[in-house]
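Worksheet for the structure shown next.
What you see below is based on every heavy atom in this structure, not just the backbone, and it leaves out hydrogens, waters and symmetry mates.
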Amino acid sequence: MKQQYILFDLDGTLTDPKVGITGSVAYALESFGIHVENHDDLCCFIGPPLLDSFMEYYGMDEETANKAIAKYRERFSVTGLFENEVYDGIPELLQQLKDVGKTLVIATSKPAVFSQRILDHFDLAKYFSFLSGSELDGTRNDKAEVIAYALEQCCISDLSDVVMIGDRKHDIIGAKKNGLPCIGVLYGYGDRAEHEAAGADCIAETVDELKKLLIG
């Protein structure tokens, strides 16, 4: 993996957003009279677009799911986005990649406005040349669209010189739809079977393994 352009997912790849996301999902569900005692049961919401998750896991139609997203953002935009931790070794990895001249880009289904605040808060923004995320109105909700937008805005035409890194099948599938290789990471929220089924080119169990794949 010696590509020049490295696209990183955010949640579950650079930071662990479990507390903030699950707490905000629980807050949203509570407004519909749905009480979730164990927030670990909501980890399935980490990674995929929220609209899809509310519809899939709680049987909501699109209109109701959008109302749930609005309630989710009431909490997440104030508190939840900072209930987050950078994975050990990530800042060092990003610095090493910059030191060897790599171009780093964020490609996340999370709204760009929230993603930028998270990157700024954890002092990660300085490593990245561009942030591609979704919009609050649902534009670029699909991971393939997020990746395509990053490629377009960064004027990247040689797809062989790009690699996508993420922790869920959506990252792998989105990369494949754009003709990119993808590394799946296991320290986030997807397991090996999920990555293999989606067609990940490589799988890294740890940040150190990811470093070896990217730098050697």
Side-chain angles (χ1 to χ4, degrees), residues 8-88 90-91 106-128 130-143 145-147 149-150 165-171 174 185 187-191 194:
F8 281 94
D9 174 46
L10 179 57
D11 291 341
T13 302
L14 298 180
T15 69
D16 183 352
K18 177 181 174 180
V19 174
I21 288 180
T22 59
S24 298
V25 171
Y27 172 86
L29 292 172
E30 198 75 50
S31 72
F32 290 89
I34 302 169
H35 180 68
V36 179
E37 187 69 33
N38 185 356
H39 288 192
D40 285 350
D41 294 338
L42 300 174
C43 286
C44 54
F45 278 80
I46 302 173
L50 285 171
L51 181 71
D52 296 348
S53 295
F54 279 119
M55 294 173 70
E56 177 179 353
Y57 300 117
Y58 285 90
M60 298 180 179
D61 58 28
E62 187 169 344
E63 180 180 359
T64 306
N66 276 312
K67 290 179 180 178
I69 290 172
K71 293 299 293 185
Y72 169 95
R73 288 175 178 164
E74 279 184 9
R75 183 184 186 280
F76 187 80
S77 64
V78 177
T79 304
L81 78 171
F82 300 127
E83 294 174 324
N84 203 343
E85 293 183 12
V86 179
Y87 286 114
D88 288 343
I90 285 296
I106 292 287
T108 175
S109 296
K110 184 185 289 297
V113 64
F114 295 149
S115 301
Q116 188 64 58
R117 289 177 64 191
I118 291 168
L119 292 175
D120 289 340
H121 179 76
F122 291 105
D123 197 29
L124 297 179
K126 62 188 179 185
Y127 299 112
F128 295 94
F130 186 72
L131 187 162
S132 178
S134 64
E135 300 296 338
L136 292 174
D137 65 2
T139 303
R140 288 194 303 279
N141 201 30
D142 180 77
K143 196 56 176 269
E145 295 175 350
V146 169
I147 294 171
Y149 183 70
I165 299 169
D167 72 309
R168 298 300 309 273
K169 65 180 180 181
H170 309 83
D171 302 302
V185 299
Y187 55 80
Y189 287 88
D191 59 25
E194 177 178 333

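Residues F8 and F128 have side chains in contact (heavy-atom distance under 4.5 Å, counting atoms from C-beta outward). Proximity of L14 to I118: side-chain heavy atoms (C-beta onward) are nowhere separated by under 4.5 Å. Between D52 and H170, the closest side-chain pair of non-hydrogen atoms is not below 4.5 Å. Counting only heavy atoms from C-beta outward, the side chains of K18 and D40 approach each other to under 4.5 Å. Side-chain contact between L124 and I106: absent, with no pair of heavy atoms (C-beta onward) separated by less than 4.5 Å. Put simply, the side chain of D167 does not reach to within 4.5 Å of the side chain of Y187, judged on heavy atoms. Two residues are said to be in side-chain contact when any heavy atoms from C-beta on lie closer than 4.5 Å; L51 and N66 meet this criterion. Within the 4.5 Å cutoff, no side-chain heavy atoms of I69 are placed close to those of M60.
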What do the steps show when you test D9 against K143 for salt bridge (Lys or Arg N to Asp or Glu O under 4.0 Å), and what is the final call?
CA-CA 10 Å; D9 174 46; K143 196 56 176 269; 3.1 Å; yes

Stepwise side chain to side chain contact (heavy atoms under 4.5 Å, CB included) check, L10 with L131:
CA-CA 10 Å; L10 179 57; L131 187 162; over 6 Å; no

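Pairing each heavy atom of A68 with each of A28, the nearest pair is O-CB, 3.4 Å. Y87 and G188 get closest at one heavy-atom pair: OH-CA, 3.7 Å. Scanning both residues, A107 and I147, for their nearest heavy atoms gives CB-CG1, 4.3 Å. The minimum heavy-atom distance linking F130 with A150 is given by the pair CE2-CA, 4.2 Å.
The structure places CE of M55 at 10.5 Å from OG of S53, a figure rounded to the nearest 0.5 Å. Within the model, atoms OG1 of T79 and CD of E74 stand 11.5 Å from one another, a figure rounded to the nearest 0.5 Å. Note that OG of S31 and NZ of K67 are 10.5 Å apart. Values are rounded to the nearest 0.5 Å. Atom OH of Y149 is separated from atom CG of D142 by 15.5 Å, given to the nearest 0.5 angstrom. Between the NZ atom in K110 and the CD1 atom in I46 there is a gap of 9.0 Å [rounded to 0.5 Å]. To the nearest 0.5 Å, atom NE2 of residue H121 and atom OG1 of residue T15 are 10.5 Å apart.
Taking the centre and axis of the six-membered ring of Y27, the NZ or CZ atom of R75 falls outside the cone set by 45° and 6.0 Å.
Within a 6.0 Å radius of CD in E30, more than 12 heavy atoms belonging to other residues, nucleotides or ligands are found. Other residues, nucleotides and ligands contribute only 12 or fewer heavy atoms inside 6.0 Å of the CD atom of E62. The number of heavy-atom neighbours closer than 6.0 Å to CG of D88, taken from other residues, nucleotides and ligands shown, is 12 or below.
When atom types are taken as modelled, the side chain of S134 and the backbone of S109 share a donor-acceptor pair closer than 3.5 angstrom. A donor-acceptor pair under 3.5 Å links the side-chain atoms of R140 to the main chain of G133, judged by distance alone. Counting only distance, with no hydrogens or angles, the side chain of R168 and the backbone of E194 share no donor-acceptor pair below 3.5 Å. Side-chain N or O atoms of R73 include one that pairs as donor or acceptor with a backbone N or O of L136 at under 3.5 Å.
Applying side-chain contact (heavy atoms from CB on, under 4.5 Å) to V36 and the options V25, T22, L29 leaves one that passes, L29. Looking at F82, Y72, F76 one by one, the single match for ring-ring contact (aromatic ring centres under 6.0 Å, His included) with F114 turns out to be F76.
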